[in-house]
There are 2 protein chains.
Amino acid sequence: MQAQIARTAPEFRAPIFRPTPPVPAFDLEPDPFDTLGTVVSVRAGGALYAEGDCATHWYRVTSGVLRTCKLLSDGRRQIDRFLFAGDFFGFEPEVEHNFSAEAVSTATVVRYPRNRLDLATADNPRVGVRLFQITLAQLGKANGRLMLLGRKTAEERVASFLLEMRKRSSFAAAIDLPMSRVDIADYLGLTIETVSRTFSALKQDRVIALPNAHRVTIIDLAALEELSGDV
Amino acid sequence: MQAQIARTAPEFRAPIFRPTPPVPAFDLEPDPFDTLGTVVSVRAGGALYAEGDCATHWYRVTSGVLRTCKLLSDGRRQIDRFLFAGDFFGFEPEVEHNFSAEAVSTATVVRYPRNRLDLATADNPRVGVRLFQITLAQLGKANGRLMLLGRKTAEERVASFLLEMRKRSSFAAAIDLPMSRVDIADYLGLTIETVSRTFSALKQDRVIALPNAHRVTIIDLAALEELSGDV
DNA sequence: CGCGCGCTTGACTAACTTCAAAGATGGTGG
DNA sequence: CCACCATCTTTGAAGTTAGTCAAGCGCGCG
């Protein structure tokens with residue numbers, strides 16, 4: 001693979017902070033985090049934090065879509081996750097963020113201070129357990145992506161991606177893809193051309209329909225699952 | 001990429017269970033896990049558990065080296081992690097194991113029952129925190145591998161791998177590679193031929209020396225770091 | 001000593017990338 | 001409201017990396 005040189009630099013617009021009423025950290029159970037959150041808005045294309053920033057907070061998506069990604073010095077980019085409403089992110093093993101977080105579409109997130117988290121954890125064992133569960137779920141998903149990036153073909157990657165997006169759209173037949181082809185490519189370890197060509201081929205084969213570039217309708221789900229390579 | 005068809009099926013030898021004295025779960029701090037562990041030995045090539053097995057336990061490596069991996073139906077394999085002394089593994093978000101765990105070299109591990117873990121966690125908040133930290137560290141490493149598998153060239157992958165093994169060998173110049181070329185290939189998302197050719201090229205360029213197939217000496221560390229692509 | 005397995009090397013091929021250009025799309029201002 | 005422009009997407013053709021197929025080497029073990 002040859003270097004793919006620096007694509008349009010992300011616009012580093014300052015996030016908008018607003019004073020907010022307390023926001024619950026987890027909606028499934030009452031929690032001592034409930035009073036810790038602050039709402040933050042980020043415009044489409046804006047950065048919430050950059051790789052290397054001090055990881056003073058962690059976050060949960062309220063609305064909109066974000067991405068976490070990493071750059072190599074020559075501009076090659078790998079997207080780690082797409083973040084949708086309800087997703088947690090910003091947990092880091094180190095002091096610094098290993099990824100940058102940017103808004104794919106205008107988004108609101110709730111921000112939790114990391115230090116107060118430590119205090120809450122000391123008080124309540126359930127907090128630690130909950131964090132453990134969340135991190136474990138993320139680890140499971142990250143591990144699933146290793147197979148995709150290491151061993152799957154372009155077609156399998158795209159099919160897997162569409163199925164993942166379908167899952168995140170509550171299994172609707174019509175899927176909205178808020179991210180660009182560049183984002184999809186950088187998520188799947190491919191180029192935009194390969195992603196585009198693969199979409200076209202799937203359309204040609206009547207597996208999917210493309211009403212427009214950011215809308216996919218699954219016509220033949222069984223075929224798509226077959227193509228995804230996951231048994 | 002074309003399918004790489006089924007390599008030698010892993011030998012499913014039954015693990016050897018022995019009654020053992022209590023083994024501490026974490027060596028950095030006293031912990032309520034200290035009395036929960038059981039020592040298990042696995043012969044080189046043997047499986048500790050398989051993908052799909054019920055995840056009743058989690059583990060820590062005492063000695064030897066293991067690998068966790070996943071297979072596609074056509075035999076393509078992705079190795080998730082190589083596990084060395086001190087490493088924890090077997091944590092799963094689901095009821096079932098998402099990976100199989102096999103011994104690269106004859107290994108001993110300590111096995112902790114998952115249900116007793118839950119009890120210990122309820123009693124002691126530090127347990128949850130510790131688990132959170134371990135999982136977080138694993139997540140950080142998994143995420144680092146996404147860039148490697150999604151965006152790096154064969155040479156960058158091999159260089160990164162050697163640097164990782166160096167780190168795991170306490171930064172010694174002479175590195176022991178207990179795993180086969182197949183394992184390295186499946187860890188890096190390459191073929192054995194590409195791995196072998198890349199080793200040969202690095203040797204040719206006097207970046208490394210290869211006293212034998214399982215021994216690497218780093219001659220030019222700066223060059224290797226440069227080649228790894230990590231800035 | 002010879003056999004077998006794993007590693008290396010060579011020649012060729014395929015998949016994906018790169019380079020290039022045309023075709024949509026959407027937002028803005030006249 | 002429509003035209004224009006910038007941006008994103010699609011498509012085509014050529015190039016490159018890594019994969020596939022195949023053969024030879026070498027180390028370790030019986």
Side-chain angles (χ1 to χ4, degrees), chain A residues 1-11 43-45 74-77 104-106 148-158 177-186 188-204 208-216 227 229, chain B residues 1-11 44-45 74-78 104-105 148-159 177-186 188-204 208-216 227 229:
Chain A
M1 186 194 299
Q2 208 73 310
Q4 256 190 326
I5 299 301
R7 33 192 52 131
T8 50
E11 308 162 38
R43 259 167 292 191
D74 62 4
R76 278 175 289 174
R77 188 178 70 151
V104 169
S105 62
T106 298
L148 182 140
L149 293 171
R151 288 299 179 204
K152 285 192 178 180
T153 64
E155 187 174 59
E156 288 169 339
R157 292 180 202 202
V158 170
L177 300 179
M179 66 293 287
S180 68
R181 292 290 187 272
V182 178
D183 283 347
I184 298 173
D186 288 347
L188 299 179
L190 299 169
T191 60
I192 51 171
E193 293 93 335
T194 300
V195 170
S196 184
R197 272 187 254 271
T198 308
F199 274 140
S200 298
L202 290 174
K203 181 184 175 182
Q204 188 71 27
I208 61 170
L210 292 166
N212 68 62
H214 290 277
R215 192 104 194 152
V216 177
L227 290 173
Chain B
M1 186 193 302
Q2 209 72 309
Q4 257 190 323
I5 300 301
R7 33 193 52 132
T8 50
E11 306 161 40
D74 61 5
R76 278 175 289 175
R77 188 177 70 149
Q78 179 65 46
V104 169
S105 62
L148 182 141
L149 293 171
R151 288 299 179 203
K152 285 191 177 181
T153 64
E155 187 174 58
E156 288 169 338
R157 293 181 203 202
V158 170
L177 300 179
M179 66 293 287
S180 67
R181 293 290 187 270
V182 178
D183 282 347
I184 297 173
D186 288 346
L188 299 179
L190 299 169
T191 60
I192 52 171
E193 293 93 335
T194 300
V195 170
S196 184
R197 271 187 256 271
T198 308
F199 274 142
S200 298
L202 290 175
K203 181 184 176 181
Q204 188 72 25
I208 61 171
L210 293 166
N212 68 62
H214 290 277
R215 193 103 192 150
V216 177
L227 290 173

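Each chain gets a letter, A, B and so on, in the order its sequence line appears, and its residues count up from 1. All figures in this text were calculated on a predicted structure; none of them were measured in a lab.
One interatomic measurement links the two molecules: CD of B:Glu156 to C1' of D:dA18, which rounds to 14 Å at whole-angstrom precision. Summarising the geometry, the separation between NZ on B:Lys203 and C1' on C:dT8 is reported as 10 Å, rounded to the nearest angstrom. The CG atom of A:Leu190 sits 14 Å away from the C1' atom of C:dT18 (whole-angstrom rounding). The nearest whole Å value for the distance from the CD1 atom in B:Ile184 to the P atom in C:dG6 is 14 Å. Nucleotide C:dT17 holds its P atom 15 Å from the CZ atom of A:Arg77, rounded to whole Å. The distance from atom CZ of A:Arg215 to atom P of C:dT25 is 15 Å, rounded to the nearest whole Å. A:Asp74 places its CG atom 15 Å from the P atom of C:dT17, with the value rounded to the nearest Å. Going from atom NZ of B:Lys152 over to atom P of C:dT17 covers 18 Å, rounded to whole Å.
For the pair A:Arg151 and A:Glu156, the tightest heavy-atom approach, listed with the atom from each and the gap, is O-OE1, 4.4 Å. Across A:Leu210 and A:Lys203, no two heavy atoms sit closer than the pair CD1-CD, 3.8 Å. Nearest heavy atom pair, residue B:Pro178 against residue B:Val104, reads O-CG1, 3.5 Å.
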Identify the pairs formed between an N or O of the protein and an N or O of nucleotides 23-26 of chain D at a distance under 3.5 Å, and give each distance.
none

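Take B:Ser180 and apply the side chain to side chain donor-acceptor pair (under 3.5 Å) test, not counting sequence neighbours, and it matches no residue. Residues passing the side chain to side chain contact (heavy atoms under 4.5 Å, CB included) test with B:Ala209, sequence neighbours excluded: B:Thr217, B:Ile219. Residues meeting the side chain to side chain contact (heavy atoms under 4.5 Å, CB included) test with B:Arg181, sequence neighbours left out: B:Ile184, B:Ile192, B:Val195, B:Phe199, B:Ala213. Residues satisfying the side chain to side chain contact (heavy atoms under 4.5 Å, CB included) test with A:Thr106, not counting sequence neighbours, are A:Arg43, A:Ala44.
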inquiry  = Protein within reach of the bases, or only the backbone? For nucleotides 9-15 of chain D, mark each nucleotide 5' to 3' as B, S or -, using heavy atoms under 4.0 Å.
reply    = SBBBB--
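A:Arg157 places a side-chain N or O within 3.5 Å of a backbone atom of A:Leu188 that can act as its donor or acceptor partner.
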